[in-house]
Amino acid sequence: MTVYANPGKPGSVMTYKTRYDNFIGGKYVAPSSGQYFENITPVTGQVFCEMARGNAKDIDLAVAAGWKAFETWGKTSVTERAIILNKIADVMEANLELLAVAETWDNGKPVRETMAADIPLAIDHFRYFAGAIRAQEGSIGELDHDTVAYHFHEPLGVVGQIIPWNFPILMAVWKLAPALAAGNCIVLKPAEQTPSSIHVLMGLIEHLIPDGALNIVNGFGIEAGAPLASHNNIRKIAFTGETTTGRLIMQYASQNLIPVTLELGGKSPNVFFEDVAAQKDSYYEKAQEGFTMFALNQGEVCTCPSRALVQKSIYDGFVADGMKRVAKVIQGNPLDTNTMIGAQSSNDQLEKILSYIDIGKQEGAKLLIGGERSDLGGELSGGYYMQPTVFEGKNSMRIFQEEIFGPVLSLTSFKDYDEAIEIANDTLYGLGAGVWSRSADTLYRSGRAIQAGRVWSNTYHQYPAHAAFGGYKQSGIGRENHKMMLDHYQQTKNLLVSYAEGPMGFF
Amino acid sequence: MPYSRVEVTGDAADMLRHLSTTYGRLMFHQSGGCCDGSSPMCFPVGMFMTSEGADVLLETLHVEGLDPIEFYMSASQYEYWKYTHLTIDIVPGRGSGFSVEAPEGKRFLIRSRMLTEDEIEHFGLLKKVPEQA
């Protein structure tokens with residue numbers, strides 16, 4: 001067991017600077033407004049640094065810096081780009097602990113997750129796209145004896161990326177790695193709730209990236225995010241967030257006629273068929289862990305398995321065992337490696353979760369466990385902690401239909417396979433889902449029948465590179481985390497070449 | 001007492017008056033899902049395009065000193081929300097998509113209660129008894 005010291009305190013593995021400017025054209029520059037905003041750690045609720053309050057002028061500067069860099073970066077060989085991505089990964093690996101602690105402090109999530117998931121996955125993501133871009137090939141179509149279609153991949157140019165706060169570094173890397181690999185330059189806006197950990201990463205890798213290839217403008221959505229998304233000189237916009245902003249992003253993109261990729265919300269079903277409980281073996285334990293996965297990252301995951309559907313024939317016993325496991329989830333100092341659930345990312349996020357607890361009770365859902373804010377005492381009293389919570393109710397209730405983005409599980413039962421699929425699909429969203437069964441047939445059929453982009457089968461919450469991730473229905477457009485994301489950051493250049501010696505004969 | 005679907009707390013009304021000095025006429029669109037979602041997004045009128053088929057105008061809010069403020073929600077989301085009354089409150093917070101209050105260090109928040117029998121009848125909401133799931 002280790003408890004990491006708070007950043008900046010004696011013995012800590014890292015220290016945040018007191019202030020971060022925007023990173024534009026390869027150097028840190030003060031925001032044009034001259035203004036900064038305070039950044040709070042959800043661990044204690046205390047301010048720990050100041051961030052540039054960027055605006056449209058800063059976005060203009062960053063886009064211009066991106067285009068300047070694109071003149072050379074867009075022409076680099078895939079080998080050169082892959083080498084840089086691999087070097088970035090190596091530096092991150094050598095600084096795993098430092099980055100993990102920085103991420104925990106900015107976001108509130110437990111350090112055991114940042115050490116074992118967020119940062120290692122981000123490292124692997126750079127390596128994956130370093131490999132993918134080297135292996136990518138265009139195509140040749142021999143249309144007839146004299147006519148050949150050549151297809152080349154070309155970068156788009158300068159692209160905009162708006163990053164969410166739930167996995168600040170990992171979600172940035174999901175977007176950065178394919179965009180850089182494909183030869184684009186980037187203007188990235190971190191979430192204002194978690195604006196600083198990406199700068200700790202930049203501090204380690206900025207010497208590896210050509211000036212202007214990656215620009216970071218901090219600030220608020222309305223002041224910096226909207227000017228980026230609506231900028232008339234970006235070639236693509238990528239966004240992870242919610243539906244209303246997703247619509248706004250598409251609205252802006254339609255005005256500029258540029259492509260978008262969107263990763264939006266979810267209300268993922270986690271379906272447990274009766275044969276799961278056929279034996280109390282290690283598979284049963286695995287399924288029980290899968291049931292408890294709603295608490296991962298404090299439930300602040302777009303694919304949080306926030307609806308558990310348990311077959312009636314095993315419901316009582318399976319749920320009773322599940323409640324015992326939920327009761328054992330350790331909440332505490334996120335910098336303690338024993339802690340399983342940390343702080344919600346912001347005060348308003350905690351308030352929103354509590355407002356859903358309220359409506360859940362009013363709608364008649366039965367509270368099985370949790371339901372309260374946690375006061376962990378000492379300096380953690382000022383942090384934003386929520387007990388893991390389970391409600392039993394009906395799928396038509398708002399707590400079953402809306403993404404709470406907290407450690408709140410809505411639990412219900414189903415009679416048979418058909419009813420399971422019907423309930424699973426009765427949602428506006430289709431990002432993730434889980435199915436659990438010892439029968440390969442049930443697993444396959446249910447996985448194919450659920451309308452979601454990712455169906456975890458006898459597992460949950462794994463995010464390896466090379467498994468496509470993205471939404472059906474109102475959960476977004478595009479697939480990240482896979483080489484197919486390169487297509488979202490590339491133009492196709494077709495050279496249609498005639499090797500015929502004579503005229504076509506029209507004129 | 002007139003019937004309403006959406007109300008505004010005094011603190012939220014103060015914030016709206018403050019924001020209107022910078023942004024002019026305002027509107028809300030209730031967001032669904034993900035990080036900043038399940039939250040009311042406040043925009044200057046004209047920034048966010050609503051559409052007749054995709055959105056429901058849930059309420060036109062009257063805040064003293066301001067032009068009427070329209071509150072929209074996507075039609076699909078409304079199906080699950082229609083039996084609840086909403087109150088727009090404001091809490092300390094940080095960030096909210098492109099909603100205009102974020103730089104103030106505040107966040108609009110929806111508080112909900114179930115509609116009363118009277119209200120359900122008034123709004124013509126035939127109460128379907130949802131099937132036992």
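Numbered from 1 within each chain, the chains take letters A, B, ... in sequence-line order.
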A.B. asks: Mind running ring-ring contact (aromatic ring centres under 6.0 Å, His included) on A:F167 and A:W174 for me, showing each step along the way?
C.D. replies: CA-CA 10 Å; A:F167 294 86; A:W174 274 21; 8.0 Å; no

A.B. asks: Of the backbone (N, CA, C, O) and the side chain (C-beta and beyond), which part of A:Y356 lies under 4.5 Å from a heavy atom of chain B, both, or neither?
C.D. replies: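 Contact with chain B involves the side chain of A:Y356 alone.
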
A.B. asks: Between A:N347, A:L350, A:L248, A:I404, which residue shows the highest count of heavy-atom pairs closer than 4.5 Å to chain B?
C.D. replies: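 Option with the top pair count is A:L248.
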
A.B. asks: For A:E223, is it the side chain, the backbone, both or neither that has a heavy atom under 4.5 Å from a heavy atom of chain B?
C.D. replies: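 Just the side chain, heavy atoms under 4.5 Å.
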
A.B. asks: Below 4.0 angstrom, N of the basic side chain to O of the carboxylate: do B:K106 and B:D14 qualify?
C.D. replies: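 Not counted as a salt bridge, because no side-chain N and carboxylate O are separated by less than 4.0 Å.
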
A.B. asks: Assign the ring pair B:F123 / B:Y3 to parallel, tilted or perpendicular, where the plane angle (0 to 90°) is split at 30° and 60°.
C.D. replies: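 The rings of B:F123 and B:Y3 stand perpendicular, inter-plane angle above 60°.
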
A.B. asks: With only heavy atoms counted, which part of A:S306 is less than 4.5 Å from chain B, the side chain, the backbone, both or neither?
C.D. replies: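 Neither the backbone nor the side chain of A:S306 comes within 4.5 Å of chain B.
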
A.B. asks: Please identify which of these residues, B:F71, B:F48, B:Y23, B:Y72, meets the ring-ring contact (aromatic ring centres under 6.0 Å, His included) condition with B:F43.
C.D. replies: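 Output: one option passes, namely B:F48.
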
A.B. asks: With a 4.5 Å cut-off on heavy-atom pairs, point out which of B:R113, B:R111, B:E101 contacts chain A the most.
C.D. replies: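 Most pairs with chain A among the choices: B:R113.
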
A.B. asks: So, A:E363 and A:R398, do they make that salt bridge, N to O below 4.0 Å?
C.D. replies: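 So A:E363 does not pair with A:R398 through a salt bridge.
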
A.B. asks: Is it the side chain or the backbone of A:A226 that comes within 4.5 Å of chain B heavy atoms, both, or neither?
C.D. replies: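 Both the backbone and the side chain of A:A226 come within 4.5 Å of chain B.
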
A.B. asks: Less than 4.5 Å apart, any side-chain heavy atom of A:F48 and any of A:S196?
C.D. replies: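 Yes - at least one pair of side-chain heavy atoms lies under 4.5 Å apart.
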
A.B. asks: Heavy-atom cut-off 4.5 Å, strictly under: side chain, backbone, both or neither for A:L354 against chain B?
C.D. replies: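 Neither the backbone nor the side chain of A:L354 comes within 4.5 Å of chain B.
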
A.B. asks: Can you say whether A:Y252 sits under 4.5 Å from chain B via the side chain, the backbone, both, or neither, judging by heavy atoms?
C.D. replies: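 For A:Y252, the side chain is the part near chain B, not the backbone.
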
A.B. asks: Looking at B:P103, B:S112, B:A54, which makes the most heavy-atom pairs under 4.5 Å with chain A?
C.D. replies: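 Top option by heavy-atom pairs under 4.5 Å: B:P103.
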
A.B. asks: Side chain, backbone, both or neither: which part of A:I353 has an atom under 4.5 Å from a heavy atom of chain B?
C.D. replies: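 For A:I353, neither part sits under 4.5 Å from chain B.
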
A.B. asks: Between A:E300 and A:W165, does the side chain to side chain donor-acceptor pair (under 3.5 Å) criterion hold? Intermediate values first, please.
C.D. replies: CA-CA 9 Å; A:E300 293 171 346; A:W165 47 258; over 6 Å; no

